[in-house]
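Report on the following structure.
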Amino acid sequence: MMSSHLCVLILFVLCGVFGDTDEVKSVSVTEGDSVTLNTDVTEVQRDDQILWKFGPQMTRIAEIYKHIIDMFDSNETFGDRLQLDSFTGSLTIRNIRTTDSGLYELQISSKRGNSYKTFNVTVYARLPVPVITSNSLKCSSSSVSSCSLLCSVVNVSDVTLSWYKGNSLLSSISASDLSISLSLPLEVEYQDKNTYSCVINNPISNQTKHLDITQLCHTCVVRESPLLYVLISLSVVILVICASMFHLCNKNNSGLEDEKSTSEYTQVIYSLQMKNLPQKSLQDVNR
Ligand SMILES: *[C@@H]1O[C@H](CO)[C@@H](O)[C@H](O)[C@H]1NC(C)=O
Ligand SMILES: *[C@@H]1O[C@H](CO)[C@@H](O)[C@H](O)[C@H]1NC(C)=O
Ligand SMILES: *[C@@H]1O[C@H](CO)[C@@H](O)[C@H](O)[C@H]1NC(C)=O
Ligand SMILES: *[C@@H]1O[C@H](CO)[C@@H](O)[C@H](O)[C@H]1NC(C)=O
């Protein structure tokens, strides 16, 4: 009975010790935002030393000791984006970049003893709004009842791109830590009255683009190239005008020529007949 209590006590002490030294707090933040790593110190005393280190080399980046703040050479990595609170010793990183991701170690030394804390900061890229386009080839083809769509994002990493019908997931595709472009197809009926949306998300945020079927699917030929459409219509009109004018001119011309040639022809025949007729008639008369 006694020994088990002792065991529990020892475990608690050990856990307490390990918890104090090995505590890793995960912090997720979106690129461009600010984040504050809290010391949980209410007021820094004169003899307290608060030291912040960063990166694989655990480079010293900020310190407060005897109420004096030292930022070391942190401006070479962070510029003026680092700020140390003189009352609490908390560290604020403004306009955070993906390169600021990593481990930040906090060491608090006071008369009461030392304590350590590690912050695992993960900076996620700001997500673009997905772009939905209709597949123009399928659009102008004979398949009139369905519409082919594509949802895309460029230059993304560690994201998932998904199509939702209402609240239910239809399909999705993921990108690893490599920065790539993603696209995901969707086939819908023109008459479909469901709400569709394309969503990009990472572990901390998402962006949604709702699908407007009537806008993307019905007028796709005109939307694809309105100028081409106008040009084609114009050339058809011009062609028709030209054709009819040509026909008219041709008709007039040929009509004149016909008349002329006909009359010449008639004249020739007449003259021939005139030459022949007397002989014939003479013969006839002779008979
Ligand atoms: C950092 O600050 C020091 C002095 O405060 C200055 O000499 C140095 O040029 C700065 N470095 C950068 C990269 O801004
Ligand atoms: C820090 O967080 C990242 C992302 O959550 C994880 O992959 C990594 O293993 C963590 N590192 C440590 C030392 O906890
Ligand atoms: C994609 O990212 C690279 C580097 O991160 C950049 O040079 C390029 O301009 C980006 N392209 C687009 C379309 O955003
Ligand atoms: C997108 O994020 C919001 C909160 O910002 C959340 O309520 C919603 O469920 C998320 N949507 C998806 C599809 O992850």
Side-chain angles (χ1 to χ4, degrees), residues 15 18-38 52-65 68-84 86 91-107 115-132 149 151-153 156-179 182-184 186 194-212:
C15 280
F18 279 121
D20 221 24
T21 51
D22 279 350
E23 186 188 344
V24 176
K25 195 167 188 282
S26 285
V27 178
S28 295
V29 56
T30 298
E31 187 180 16
D33 286 353
S34 289
V35 68
T36 297
L37 309 177
N38 285 308
W52 287 96
K53 298 178 189 172
F54 168 65
Q57 261 75 54
M58 279 299 148
T59 316
R60 297 187 297 174
I61 52 170
E63 181 196 56
I64 183 164
Y65 184 50
I68 296 167
I69 290 176
D70 187 352
M71 300 303 281
F72 306 104
D73 293 328
S74 66
N75 65 345
E76 278 164 17
T77 311
F78 294 94
D80 62 352
R81 297 180 298 113
L82 274 193
Q83 210 173 342
L84 194 65
S86 55
L91 186 73
T92 298
I93 310 160
R94 289 184 292 114
N95 188 18
I96 203 161
R97 300 171 182 171
T98 47
T99 48
D100 298 338
S101 290
L103 299 179
Y104 291 75
E105 197 184 271
L106 166 68
Q107 180 187 324
S115 69
Y116 302 88
K117 214 186 213 179
T118 302
F119 296 87
N120 185 2
V121 175
T122 308
V123 182
Y124 290 94
R126 198 161 280 282
L127 293 177
V129 178
V131 175
I132 303 175
L149 299 156
C151 179
S152 348
V153 280
V156 289
S157 55
D158 282 322
V159 298
T160 301
L161 190 66
S162 316
W163 273 114
Y164 283 88
K165 180 181 183 175
N167 286 323
S168 56
L169 179 67
L170 291 178
S171 58
S172 65
I173 185 172
S174 293
S176 63
D177 48 349
L178 232 82
S179 185
L182 285 180
S183 29
L184 197 61
L186 177 73
N194 289 293
T195 56
Y196 291 89
S197 47
C198 183
V199 179
I200 182 176
N201 71 283
N202 62 21
I204 60 166
S205 60
N206 65 55
Q207 288 277 13
T208 301
K209 179 75 183 175
H210 294 287
L211 169 63
D212 187 343

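Atoms within a ligand are numbered from 1 in the order they appear, just like the ligands themselves.
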Practice task
Quick one: which residue pairs count as a salt bridge (charged side-chain N to carboxylate O under 4.0 Å, His left out) with a foot in residues 166-175, not counting sequence neighbours?
Solution key: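 Non-adjacent pairs meeting salt bridge (charged side-chain N to carboxylate O under 4.0 Å, His left out): zero.
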
Practice task
Give the numbers and elements of all ligand 2 atoms closer than 4.0 Å to a heavy atom of Thr122.
Solution key: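 Per the distance check, 2 (O), 4 (C).
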
Practice task
Collect the protein residues that have a non-hydrogen atom under 4.0 Å from ligand 1 and hand them over in chain and number order.
Solution key: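 For ligand 1, the contacting residues are Asn75, Glu76.
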
Problem - Polar proximity ligand 2 side, Asn120 side, N/O cut 3.5 Å exclusive - result: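 Indeed, backbone or side chain, Asn120 has an N or O that close.
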
Practice task
Compute whether any side-chain donor of one residue and acceptor of the other, for Thr122 and Ser101, lie under 3.5 angstrom apart.
Solution key: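 The answer is no; no qualifying pair exists.
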
Practice task
Establish, from distance only, whether the side-chain atoms of Thr36 and Thr92 form a donor-acceptor pair under 3.5 Å.
Solution key: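 Short answer, yes.
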
Exercise for the section: Determine whether the side chain, the backbone, both or neither of Asn206 has a heavy atom under 4.0 Å from any heavy atom of ligand 4. Expected result: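 Asn206 to ligand 4: side-chain contact only, backbone stays beyond 4.0 Å.
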
Practice task
Enumerate the residue pairs fulfilling side-chain hydrogen bond (donor to acceptor under 3.5 Å, both in side chains) with a member in residues 194-203, sequence neighbours excluded, ordered by first and then second residue.
Solution key: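 Residue pairs passing side-chain hydrogen bond (donor to acceptor under 3.5 Å, both in side chains), neighbours aside: Asp192-Asn194, Asp192-Tyr196, Asn202-Ser205.
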
Problem - With Arg81 via side chain to side chain donor-acceptor pair (under 3.5 Å) - residues at least two apart - result: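 With sequence neighbours excluded, Arg81 shows a side chain to side chain donor-acceptor pair (under 3.5 Å) to Asp100, given in chain and number order.
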
Practice task
Determine, using ring centers only, whether Phe119 and Trp52 are less than 6.0 Å apart.
Solution key: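 Yes, they do, as the ring centres are separated by less than 6.0 Å.
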
Exercise for the section: To the nearest 0.5 Å, tell me how far Ile61 CD1 sits from Thr77 OG1. Expected result: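 Ile61 CD1 to Thr77 OG1: 8.5 Å, rounded to 0.5 Å.
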
